[in-house]
Amino acid sequence: MSSASSVLVASSSFLYWIRKPSPFKFSKFPSTPPVTPSSPKCYRVVCRGGSPQPASFPDLSFALHDALESTGIDTSHAREARKSFVSQIKKLSDIERETSICINRCVDLGRTSLFIAAEDDSLISHSSVPLPVDAFLERLDDLSMGYCSHYNSACRSSRENFLESLEKYLYVKKGFRRSTANNQAEPQALDLHSVLTHRSGSAVMLSLIHSEILKMLRLWGLLDFDVEIFFPHDPHGLPRAYDKQKSKESDQPHIMTVQMLLEEILRNLKDAFWPFQRGAADSLFLRAANAANCIDKFNGFEDSGYQLASTKAAQRRLDRGVWTSVHFGDMRRALSACERLILLRTDPKEMRDYSILLYHCGLYEQALKFLKLYQDMKSSSAQNPSTDQLAT
């Protein structure tokens, strides 16, 4: 079988020879020059210290924006938001990546999260105006300012009372609640601007809002002791602030670092909008690989007929240039999440997952390129296990 008619897709445990489907109209497209973003105007106090860590990945040319441009869709706002996102994460040193979100200073996490939302909003709305990032940053700052009127002598009586009053302010007075639908049924829970508007969000978004309020209160002198955010791993718990001096060893797995927060935001988006939602495999990659094979190697009974039908329907939608469908993911948002996870220097398996999406889009050369990069990094990690870890 020639390389022109097949693509080798590898995971740590499986090898698939995936037959190449009919040529896809996005397989060739012109390159579009990037757009230079304007400087943010909204005031935010962040530190410029620290030594950013050079990226371990080579320079990469991603496919999404160029593919959309080739169909006549203007991606200038999406490109600008992406460049702004990159300008923030370039400030991350290795130390900063492992710093708690409550004391992070070098990266504006609120702004970075809104750049993620701004890119995705541009991709799906095709609006002639970008998402107003500065306006939503002001709304986030207004939350902190609003607590000042809620702050009184009773709040100052003890640290516990202070943190309890902040919790009541956020979850009772302001009505923020946790959404348990980490999927397309409630996508607004995954974007900061929507959470600020609808006051319903994922655990990671509520953690971000909580920590941003704490940082502003510290800046204004209302908070003078070390605080940590308890990030819940159960489906219903709310993020809560606690006195760090009273922390226990069991609290350690619930501390959210800068790297963990950004990864969680992007992986939530990737999971929610992955175009191949059905399948017995837990791995998103294996679901997509099975879909490419149009077979179900894991469960040949109740789900196989539905999965086969949905797989064929997904391919027909892509052949017509339809990137999204209700309950069947959104290829644009899945690709954008993968690209930003790669830029964030997370697990190299993000390259593998990105490659299988490119394959489904008919971008075979680029799919093979990123798959080879993943295999090279995996081989390098096996030879130098202390430099990286690739979970199976």
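- Linking ILVMFWY side-chain heavy atoms closer than 4.5 Å, directly or via other members, places Met260 and Leu343 in a single hydrophobic cluster.
- With hydrophobic clusters built from ILVMFWY side chains whose heavy atoms lie under 4.5 angstrom apart, Ile213 does not share a cluster with Ile103.
- At a cut-off of 3.5 Å, with distance as the only test, no side-chain donor of Ser336 or Arg332 sits close to an acceptor on the other residue.
- Minimum interatomic distance between Lys215 and Leu109 (heavy atoms only, all atoms of both residues): NZ-CD1, 4.2 Å.
- Counting heavy atoms from C-beta on, the side chains of Phe115 and Gln88 come closer than 4.5 Å.
- Cluster annotation: Tyr169 is connected to Met145 through the hydrophobic network of ILVMFWY side chains, with a link wherever side-chain heavy atoms come within less than 4.5 Å.
- Checked by atom type and distance alone, the side chain of Thr71 pairs as donor or acceptor with a backbone atom of Leu68 at under 3.5 Å.
- With sequence neighbours excluded, the residues satisfying side chain to side chain donor-acceptor pair (under 3.5 Å) with Asp74 are Ser76.
- The aromatic rings of His254 and Phe230 lie parallel to each other, their planes meeting at an angle below 30°, with 60° marking the opposite boundary.
- Distance CG/Leu238 to CG/Leu170: 8.5 Å, rounded to 0.5 Å.
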Could you walk me through whether Ile229 and Leu214 pass the side chain to side chain contact (heavy atoms under 4.5 Å, CB included) check? CA-CA 10 Å; Ile229 297 289; Leu214 286 168; 3.6 Å; yes
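- With rounding to the nearest 0.5 Å, the separation of CG in Leu166 from CG in Leu217 is 6.5 Å.
- By the neighbour-count criterion of 12 heavy atoms within 6.0 Å, atom CD of Glu160 is densely surrounded, having more than that number from other residues, nucleotides or ligands.
- Between Ile116 and Leu192 there is no side-chain heavy-atom pair separated by less than 4.5 Å.
- Proximity of Gln259 to Leu344: side-chain heavy atoms (C-beta onward) are separated by under 4.5 Å at one or more points.
- Counting heavy atoms from C-beta outward, Asp120 and Ile124 have side chains that stay 4.5 Å or more apart.
- In terms of modelled atom types and a separation under 3.5 Å, the side chain of His193 and the main chain of Ala117 share no donor-acceptor contact.
- Interatomic distance, Arg240 CZ to His210 NE2, rounded to the nearest 0.5 Å: 9.0 Å.
- In the hydrophobic clustering of this structure, Leu222 groups with Met216; members are Ile, Leu, Val, Met, Phe, Trp, Tyr whose side-chain heavy atoms approach within less than 4.5 Å, directly or through other members.
- Annotation: side chain of Phe276 is not in contact with side chain of Leu284 (no heavy-atom distance under 4.5 Å).
- Side chain of His233 to backbone of Pro253: a donor-acceptor contact under 3.5 angstrom is found.
- Hydrophobic clustering of Ile, Leu, Val, Met, Phe, Trp and Tyr side chains at less than 4.5 Å, counting indirect connections, keeps Met256 apart from Tyr242.
- No side-chain donor from either of Ser247 and Asp251 sits under 3.5 Å from a side-chain acceptor of the other.
- Side chains of Val107 and Ile89 form no contact here, defined as non-hydrogen atoms less than 4.5 Å apart.
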I'd like to know whether Leu261 forms a side chain to side chain contact (heavy atoms under 4.5 Å, CB included) with Val258, so could you lay out the CA-CA distance, the side-chain angles of the two residues, the decisive distance to 0.1 Å, and finally the verdict. CA-CA 5 Å; Leu261 180 128; Val258 172; 5.9 Å; no
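- Scanning all heavy atoms of the two residues, the minimum distance from Arg333 to Leu269 falls at NH2-CD2, 3.5 Å.
- In this structure, OG on Ser84 lies 11.5 Å from CG on Leu114, to the nearest 0.5 angstrom.
- Thr197 and Arg139 form a side-chain donor-acceptor contact under 3.5 Å, judged by distance and modelled atom types alone.
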Given Arg267 and Glu350, is the salt bridge (Lys or Arg N to Asp or Glu O under 4.0 Å) satisfied, shown in steps? CA-CA 10 Å; Arg267 288 211 172 104; Glu350 300 300 339; 3.0 Å; yes
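- Of the inter-residue distances, the one linking Asp376 atom CG with Leu371 atom CG reads 9.5 Å to the nearest 0.5 angstrom.
- With no hydrogens or angles considered, no side-chain donor-acceptor pair links Ser127 and Asp121 at under 3.5 Å.
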For Leu131 and Phe136, run side chain to side chain contact (heavy atoms under 4.5 Å, CB included): C-alpha distance rounded to whole Å, both residues' side-chain angles, the deciding distance at 0.1 Å, then the answer. CA-CA 9 Å; Leu131 186 79; Phe136 283 104; 4.1 Å; yes
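- Minimum heavy-atom separation, Ser202 to Asn268: OG-ND2, 4.1 Å.
- Contact record, Leu60 with Met351: CD1-CE, 4.0 Å, taken as the closest heavy-atom pair.
- Within the 3.5 Å criterion, the main-chain N or O of Ala78 finds no donor-acceptor partner in the side chain of Thr75.
- Taking each heavy atom of Trp274 and Asp353 in turn, the nearest pair found is CH2-O, 3.7 Å.
- Here the CG atom belonging to Leu143 is positioned 6.5 Å from the NZ atom belonging to Lys174, to the nearest 0.5 angstrom.
- Look at Arg111 and Glu212 and you find no salt bridge, because none of the NZ, NE, NH1 or NH2 atoms lies under 4.0 Å from a carboxylate O.
- Salt bridge present: Asp94 and Arg345 bring a charged side-chain N and a carboxylate O closer than 4.0 Å.
- Side-chain atoms of Ser211 come within 3.5 Å of backbone atoms of Ser207 as a donor-acceptor pair (strictly under, hydrogens ignored).
- Contact check on Arg352 versus Asp347 returns no salt bridge, with no Lys/Arg side-chain nitrogen under 4.0 Å from an Asp/Glu carboxylate oxygen.
- Of the residues listed (Gln366, His360, Glu365), the one engaging Leu363 in a side-chain contact (heavy atoms from CB on, under 4.5 Å) is Gln366, and it is the only one.
- Using a 4.5 Å heavy-atom cutoff, the side chains of Phe231 and Ile255 are not in contact.
- Within the 4.5 Å cutoff, the side chain of Asp330 has no heavy atoms near those of the Leu123 side chain.
- Side chain of Asp243 to backbone of Gln245: a donor-acceptor contact under 3.5 angstrom is found.
- Ion pairing between Lys168 and Glu164 holds under the 4.0 Å rule for side-chain N and carboxylate O.
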For the pair Arg79 and Asp66, evaluate salt bridge (Lys or Arg N to Asp or Glu O under 4.0 Å) and give the outcome as yes or no after the intermediate values. CA-CA 10 Å; Arg79 292 176 187 272; Asp66 287 337; 2.7 Å; yes
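- The closest donor-acceptor contact from the side chain of Glu228 to the backbone of Cys102 lies at 3.5 Å or more, if one exists at all.
- For Glu339 (side chain) and Leu64 (main-chain N/O), a donor-acceptor pair under 3.5 Å exists by modelled atom type.
- Glu119 contributes no side-chain N or O that, together with a main-chain N or O of Lys83, makes up a donor-acceptor pair within less than 3.5 Å.
- Distance alone, capped at 3.5 Å, places no donor-acceptor pair between the Arg340 side chain and the Leu335 backbone.
- Using cut-offs of 30° and 60° for the angle between ring planes, the Phe62 and Phe370 rings count as parallel.
- Ala272 approaches Gln277 most closely through the heavy-atom pair O-NE2, 3.2 Å.
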